[in-house]
Amino acid sequence: MRISNLKNHPVSNIKNHLADLFTQALQAVAPEHAIQHAVVLERSKQTQHGDYACNLAMQLAKPMRRSPRDLAQALINALPPSTVIGKLEIAGAGFINIFIAVAAKQQIVSAALCAGDKFGHVDVGAGRTLQVEFVSANPTGPLHIGHGRGAAVGDCLCRVLSAAGWRVTREFYYNDAGAQIENLTLSVELRCNGITPDNVAWPDNGYRGDYIMDVARAYLAREAVVADGKRIQASGDVTDSVALQQFAVTYLRQEQDEDLQAFRIKFDVFSLESALYTTGRVEEVVSALVASGHTYQQDDALWLRTTDFGDDKDRVMRKSDGSYTYFVPDVAYHLDKWRRGFTRVINEQGADHHSTITRVRAGLQALNVGIPQGWPEYVLHQMVTVLRNGEEVKISKRAGSYVTLRDLIDEVGCDATRYFLAARHSSTHLVFDIDLAKSQSNENPVYYIQYAHARICSVLAQWGGEVANLWQADMSALNSSYEQNLLQRIIDFPQLIENAAADLAPHLIAFYLKDLAADLHSYYNATRFLVEDESIKRARLALIAAVAQVMKNGLDLLGVSAPEKMSHKGTM
RNA sequence: GUGCCCGUAGCUCAAUCGGAUAGAGCACCAGCCUUCUAAGCUGGGGGUUACAGGUUCGAUUCCUGUCGGGCACACCA
């Protein structure tokens, strides 16, 4: 077997291979239905049902007025031969159960080892560009756990989409203009003058967190801060509110950048809301919207008739005081994304911003520049509830009481924090129990997975041979049920990446890795690897080396490290 | 009141565009280290998938309604 043959081996993309076969069978048996019925194959949940199942016969039964089991037999008869298929059975109401030939399954080990870090990557994106905007926190305070969820989900999404063949640009949008920034500036100014939040003079919408005091202190001490390559030196002049605002924003951006770096997240592009005003893009969009005929003047304000595009009421664009509401620069920003050539854009954000979706899309539709209706796409994550000492910690920037991302990284660790925040479906509420994550770190799933990887590395190190040559091993000895499970699990990996990318659901990676680790641990406990028989030894080592490769690739999709050693912790 | 999200084992969560007997972890019980890392493994109990209808060969999944939870409903962002 040569490397080039392994790359295109059907077992590396087995579902598509089977789907092709069944499509041909369908053409032969029922050409008139071949167009309406795309062939769907699914993994069987139980081993007695084989490895894959096809439900085509049951779907065709009604329109063709034939019994599903007859149709199943006809499809099987028309199926082109393949070395991948070991056995076919008709079961239940008309399922066609497919058993993959053991010899074909064994090929996946060599294929995975040869592909290395690229194993599992697919090409559904075909190199097309795609932009993901995430985090996009206001520069008015440190990142909290909610931003952490957005950061983890968004970054993992980017990694998954890259692995699925998309060329991904990561973007962060700063709302560095508007009322919240003015509140920030005022809060820092008050702190500079020695006024604290418990003072009656403190405004209701002022920021109360201790970090405001830190900003004020740094400003008075004439410190320098850097964000996005720009260095700002504080003047210390409390009466200069422009300088104060610039310093405060840069200070907080620097802090956010440091937190993101500690969370192993890197953005390609930072966009500033303020730039949309200074470059005239906001005005340009307003003019275009007025010209589109979807606006009207009422009560001294300018309105956009968003109800033309599915909103439940119209929205104000320009307030009677002449300033714009927040969604106007948002529309300008998204028009800019479109003009930069991103025909696919995904915005990952907290569900508390879901009402913006309709408005932004309505504004873009009103511009009538060819943007599709469902553009951009959104992935919304639900709120994170934080438990500390068994009690819910209320997240409120203004009250200054919340758990920062930095706290979590310091207390729980980057790996575990990323895993916990990314390992849940984003549409469900997440409970993050800090004490549990800290005190039970020995039972943390991320350690379970990393431990499986470290165990393999340890065995390979004790063997001391050349891992790079293992792909040439004779795999025919891999016949135990443990080995079959692992082979199938490896075969599933490319399909997993395809599904996770299609569903924009990176949490699937986390669950897969837990299952893979469980299979590995069972195998490890039941099997010796460094045995006398050279052929068996090499086959088993090749298998676990392939498993380690998949775990490393999978952990990388989550941004979690794959250590080669685990140092014991705790009292176990 | 309106819109969006959610409701699965005691707890935290899965379930691949509707598939066959709904799965893991934690917690609880009983076992496994003179052998490659016990942060591990093996076995056990635990369910009317909130509730009621509907669609069909088949529903945790889709539709309608009810109940419960979260979020959003400004000329705030």
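All heavy atoms count here, side chains included; hydrogens, waters and symmetry mates do not. Per chain, numbering begins at 1; letters A, B, ... match sequence-line order.
For a distance-only test at 3.5 Å, the side chain of A/Gln462 fails to qualify as a donor-acceptor partner of the base of B/rU37.
The residue A/Lys15 sits close to a base: some heavy atom pair falls under 4.0 Å.
Judged by distance alone, the side chains of A/Glu283 and A/Tyr324 do bring a donor and an acceptor atom under 3.5 Å apart. For the 3.5 Å distance criterion, the side chains of A/Glu483 and A/Tyr523 qualify, holding a donor opposite an acceptor.
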Handout entry: Pairing annotation in dot-bracket form, given for RNA chain B with Watson-Crick or G-U pairs under 3.5 Å and | for cross-strand partners
Key = (((((((..((((.....[...)))).(((((.......))))).....(((((..]....))))))))))))....
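Comparing the C1' positions of B/rG46 and B/rG10 gives an interatomic distance of 9 Å, to the nearest angstrom.
Comparing B/rC75, B/rC36, B/rA74 against the side chain of A/Lys313 picks out B/rA74 as the nearest. Closest contact between the side chain of A/His353 and the listed nucleotides B/rU16, B/rC36, B/rA77 involves B/rA77. Listed nucleotides B/rG40, B/rC36, B/rG19 differ in distance to A/Asn525; the shortest reach to its side chain belongs to B/rG40.
Rounded to an integer number of Å, the gap from A/His381 NE2 to B/rG70 P is 18 Å. Atom CG in A/Asp519 sits roughly 15 Å away from atom C1' in B/rG25 (whole-Å rounding). If you measure from atom CZ of A/Arg69 to atom P of B/rC57, you get 17 Å, rounded to the nearest angstrom.
With centres under 5.5 Å and a plane angle under 30°, the ring of A/Phe95 is stacked against the base of B/rA20.
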Completion exercise
Readout for nucleotides 2-12 of chain B: B = base within 4.0 Å of protein heavy atom, S = sugar-phosphate only, - = neither; 5' to 3' it is -B-SS-----S
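Nearest-nucleotide assignment on RNA chain B puts the 5′-proximal partner with A/Tyr523, out of A/Tyr523 and A/Ala177. The 5' end of RNA chain B is approached more closely, in terms of each residue's nearest nucleotide, by A/Ala91 than by the other of A/Ala91 and A/Val316.
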